[in-house]
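To start, the structure itself, in structure tokens.
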Number of protein chains: 2
Amino acid sequence: MPNKKNEDLPGKTVERLSQYRRLLFNSLQEGKTNIYSHELARLMNLTPVQVRRDLMLIGYSGSQSKGYIIKDLVNLIGKIIDSDTGQRIAIVGMGNLGRAITSYFLGKREKLSIVAAFDNDPQKTDRIIAGVPCHHINKLKEIVPAESISIAVLTVAPEATYEVAKQLLEAGIKGILNYTSVPLTVPEGVHLEEYDIITSLEKLAFHVK
Amino acid sequence: MPNKKNEDLPGKTVERLSQYRRLLFNSLQEGKTNIYSHELARLMNLTPVQVRRDLMLIGYSGSQSKGYIIKDLVNLIGKIIDSDTGQRIAIVGMGNLGRAITSYFLGKREKLSIVAAFDNDPQKTDRIIAGVPCHHINKLKEIVPAESISIAVLTVAPEATYEVAKQLLEAGIKGILNYTSVPLTVPEGVHLEEYDIITSLEKLAFHVK
DNA sequence: TTATTATTGTGAAAAAAATTACAACTTACA
DNA sequence: TGTAAGTTGTAATTTTTTTCACAATAATAA
């Protein structure tokens with residue numbers, strides 16, 4: 001039994017692990033093999049202690065002389081945040097944002113794949129967009145289970161949000177990443193992550209003021 | 001001197017104020033005039049106490065019988081998070097994401113306006129896209145000061161991020177909202193907000209796992 | 001009038017996250 | 001050999017954020 005530890009990793013640490021991995025991957029490709037906590041911290045805009053603490057929490061040990069072995073660290077992070085079997089994702093709403101996410105994401109992660117898109121515009125449905133088959137939204141309940149999709153990225157218009165979310169839940173979705181400006185509520189056992197661009201802009205504007 | 005208070009509002013509270021306002025605005029349009037903390041909490045997926053505490057922090061008082069007066073609250077939040085003069089924003093990188101943000105945002109906020117876009121693709125420059133004039137990126141240093149742009153939304157390709165950020169800083173930008181996957185460092189006095197879609201997806205995937 | 005219920009406001013406690021401080025180790029080199 | 005410099009690992013502290021607990025108040029109904 002490796003670690004029950006994973007489930008009680010601080011949420012912030014999980015976020016950072018994902019970012020560490022991307023940066024470490026870049027470093028690998030630049031030919032680096034080892035990295036010190038202060039180097040990684042600099043890339044991430046963090047303090048070295050925070051890096052060390054995060055790595056401590058996942059049980060990774062470096063050496064005083066060489067720091068951390070990038071390859072090992074990348075693998076370990078993968079063991080922690082990736083699922084063994086891989087997870088399948090649907091983009092719901094193929095507007096600008098849906099397409100942006102799809103094309104940005106495509107092929108970037110081995111264990112996460114966008115396998116379907118949905119839209120209500122007949123112009124967009126029943127063809128392949130940005131490399132992903134786009135279905136009419138009324139096929140949601142059929143395709144989500146058939147394709148073993150566990151995660152949905154919601155990028156529909158605000159007024160459609162509620163109804164589409166309802167269908168996703170009925171289709172047995174396990175996680176929703178909600179980019180609409182309409183806050184959702186989901187039942188126990190379903191995970192929800194919300195992000196609103198205007199909120200971020202207003203927060204930034206407040207601090208700039 | 002109204003309140004130095006504003007500057008030391010907790011960051012999380014500022015984020016929530018922006019969201020409160022949007023939801024309150026919806027309620028107003030539905031004809032509601034008053035709202036209780038538990039109602040607002042429900043809309044936001046928060047506890048009533050947290051709502052009350054946030055409002056306490058901005059110095060707004062409700063009544064035990066009627067709760068909060070929506071109109072007054074909307075105005076007060078505006079006084080706190082909006083700048084008096086308004087703030088001008090540029091979208092840098094007019095790909096799918098840049099266009100998504102632009103069209104999503106257009107006209108939504110009185111005190112925040114997207115006044116320019118930049119791209120390096122001649123197909124896109126020197127014309128109006130999603131209602132905003134799109135310039136070639138090499139005019140950045142000229143147009144940012146000329147248009148009094150204080151905030152930039154970065155949606156360029158990863159490999160261009162560093163160079164474009166440098167130019168923005170040289171042009172005197174005050175805040176950057178970075179949607180590329182490349183973490184930036186900015187000098188003292190410039191505000192930076194970073195968001196990465198893949199990180200969010202991976203975090204969600206981790207919890208769904 | 002007097003309970004009863006529902007609400008706000010807020011001090012105090014708890015929980016989560018970040019930072020400080022420092023012991024322990026490794027290497028380089030005088 | 002011994003010491004100086006640079007590193008990791010982690011306990012302890014501090015800071016930030018959330019939650020708990022409850023007093024105060026208003027409206028309602030018995």
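All values below come from the heavy atoms of this structure, side chains included, with hydrogens, waters and symmetry mates left out. Each chain gets a letter, A, B and so on, in the order the sequences are listed, and its residues count up from 1.
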Applying the salt bridge (charged side-chain N to carboxylate O under 4.0 Å, His left out) criterion to A:E202, which one of B:R109, B:K111, B:K108 satisfies it?
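Of the listed options, the one satisfying the test is B:R109.
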Donor-acceptor contact below 3.5 Å, side chain [X] vs main chain [Y]:
X      : Y      : result
B:N178 : B:V182 : yes
B:T155 : B:L97  : no
A:Q29  : A:N26  : no
A:R88  : A:V115 : no

Measure from [atom1] on [X] to [atom2] on [N] and round the result to the nearest Å.
X     : N      : atom1 : atom2 : value
B:Q50 : C:dA16 : CD    : P     : 14 Å
B:I58 : C:dT8  : CD1   : P     : 14 Å
B:L73 : C:dT8  : CG    : P     : 12 Å
A:D54 : C:dA18 : CG    : C1'   : 10 Å
B:K12 : D:dT17 : NZ    : C1'   : 8 Å
B:E15 : D:dT16 : CD    : C1'   : 13 Å
B:L9  : D:dT15 : CG    : C1'   : 17 Å
B:R42 : C:dT7  : CZ    : P     : 14 Å

Quick one: are the ring centres of B:Y195 and A:Y195 less than 6.0 Å apart?
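Yes, close enough.
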Less than 4.5 Å apart, side chain to side chain, heavy atoms only: is that true for [X] and [Y]?
X      : Y      : result
A:Y179 : A:I101 : yes
B:S181 : B:I198 : no
A:I80  : A:L9   : yes

Using a 4.0 Å cut-off on protein heavy atoms (strictly under), produce a 5'-to-3' string for nucleotides 6-11 of chain D with B for base contact, S for backbone-only sugar-phosphate contact, and - for none.
-BBBBB
Show me the protein contacts with nucleotides 28-30 of chain D, counting only N or O atoms at under 3.5 Å.
none

